[in-house]
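Heads up, the thing below is written out as structure tokens.
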Number of protein chains: 2
Amino acid sequence: MSMKKGTKLKAVDKAQLGAFARLRRSLREVLAQSEEICIAHELTAQRFQALLAIETAGEPISVGDLASELILKHHSAVELADRLAQAKMIERIADKQDKRRVLLRLTPLGAQRLHGAAAAHLESLERLHETLTASLQSVKSSG
Amino acid sequence: MSMKKGTKLKAVDKAQLGAFARLRRSLREVLAQSEEICIAHELTAQRFQALLAIETAGEPISVGDLASELILKHHSAVELADRLAQAKMIERIADKQDKRRVLLRLTPLGAQRLHGAAAAHLESLERLHETLTASLQSVKSSG
DNA sequence: CCTCGATATATCGTACCACGATAAAAGATA
DNA sequence: TATCTTTTATCGTGGTACGATATATCGAGG
């Protein structure tokens, strides 16, 4: 970092930019395929990940915990929980210890959707892995 | 696939589900950080990727080409182009050869934003690479 | 006990993004 | 010319996320 303007970053050359574009494109492909699998299981990607977070948490998870796990603001998690509850995939349970908190739990429907979508995702994991590692490698070597 | 119900997938065990949850969490971290960098450069992630696609295409790119590159429906690309044009980051140019087509080109402002954000992204690429490969490896080995 | 600041959840309005359905203009073809 | 296709655009809807704000509860200090 021995440049005149301390905060200025090195300019990006054409090859680097192209490789980076291909990485982003790969990422989009991965997410598009995931979205497709989710839709096939009557889920959106966000709802799938929310169910995943709720299910894999060791203990009952609160709305705030969900926000933290999904890197969201609290109220965004509230809204996500609203939609999931309306779709009968989760239930809100009052926390006996701390009456401010609301715990979230999967319904049988939610669990069924989650496990179906997760299994389908894992089926295509191999290709995902190859796609991503190749793109990552390509960007690194172009730098 | 020697199971009674041909289309039924293998059930996912707890360890696998947990590893997969961590992979999705890593992916979210990567996207959240990217979003943050984009915001700092007065972009959203979608606009950044659109600019990237337009800039790295060899020749002038049309709305339809953009849709294809971003894995979007045509009209979603139209809307994205609308927002980018309104923000003065791209220009629409009528195609002389085929008057149905509209070509997209970066403005100096768009190019500046793109290169700034791209440079910032590449700065943090090393960490991104480690995060993702570790998570991918973890899921694979849990399967 | 009571107030006060912090924490947890919820609500409201706004914006971005993406889609299906539909339309209009221009090219391609019979 | 008439028709079919391609390309772009418009309209209405829904999912997601945010900032600002509100309400309830908890916990600490007086």
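Numbers restart at 1 for each chain; the letters A, B, ... are given by sequence-line order, proteins then strands.
Atom P of nucleotide dA9(D) and atom CG of D95(B) are separated by 12 Å, given to the nearest angstrom. Summarising the geometry, the separation between CG on L72(B) and P on dG20(C) is reported as 11 Å, rounded to the nearest angstrom. A straight line from CD1 of I61(A) to P of dA8(C) spans 13 Å, rounded to a whole angstrom. In this structure, CD1 of I39(A) is placed 14 Å from P of dA18(C), rounded to the nearest angstrom. Q46(A) places its CD atom 16 Å from the C1' atom of dC19(C), with the value rounded to the nearest Å. Rounding to whole angstrom units, CG of residue L31(A) and P of dC17(C) are separated by 15 Å. At whole-Å resolution of the value, CD in E35(B) and C1' in dC18(D) are 11 Å apart. D65(A) has its CG atom 15 Å from the P atom of dT7(C), to the nearest Å.
Here S76(B) does not reach the OP1 or OP2 of dC17(C): none of its side-chain N or O atoms lies under 4.0 Å away. Between R28(A) and dC17(C) there is no side-chain N or O to OP1 or OP2 distance below 4.0 Å. The side chain of R92(A) places an N or O atom within less than 4.0 Å of a non-bridging phosphate oxygen (OP1 or OP2) of dA10(C). For the pair T44(B) and dC17(C), the criterion of a side-chain N or O lying under 4.0 Å from OP1 or OP2 is met. OP1 or OP2 of dA9(D) has not a single side-chain nitrogen or oxygen of R101(B) nearer than 4.0 Å. Dashed line: the shortest gap from a side-chain N or O of S62(B) to OP1 or OP2 of dT8(D) is under 4.0 Å. Phosphate proximity of dT25(D) to Q97(A): absent, as no side-chain N or O sits under 4.0 Å from OP1 or OP2.
Mapping K96(B) and G64(A) onto DNA chain C by nearest heavy atom places G64(A) closer to the 5' end of the strand. Each of I71(A) and K99(A) has a nearest nucleotide on DNA chain D; the 5'-most of these lies closest to I71(A). Comparing D98(A) and L70(A) along DNA chain D, the residue whose closest nucleotide (by nearest heavy atom) sits nearer the 5' end is L70(A).
Between the side chains of S34(B) and R24(A), a donor-acceptor pair is found at a separation under 3.5 Å.
In this structure, R47(B) reaches the sugar-phosphate backbone alone: every heavy-atom distance under 4.0 Å involves primed, P, OP1 or OP2 atoms, never a base.
You'll find that the side chain of H75(B) is closest to dC19(C), out of dT11(C), dC17(C), dC19(C). The R100(B) side chain lies nearest to dG27(C) when the options are dT10(D), dG27(C), dA10(C). Checking dA18(C), dG13(C), dT16(D) against the side-chain heavy atoms of E79(A) singles out dG13(C) as nearest.
The nearest pair of heavy atoms linking I90(B) to A81(B) is CD1-O, 3.7 Å. I37(A) and S124(A) get closest at one heavy-atom pair: CD1-OG, 4.0 Å. The two atoms that bring A67(A) and H74(A) nearest to each other are CB-CA, 4.0 Å, heavy atoms only.
With salt bridges taken as basic N to acidic carboxylate O contacts below 4.0 Å, none links R28(B) and E69(A).
Residue-environment remark: CD (E91(B)) exceeds the threshold of 12 foreign heavy atoms within 6.0 Å.
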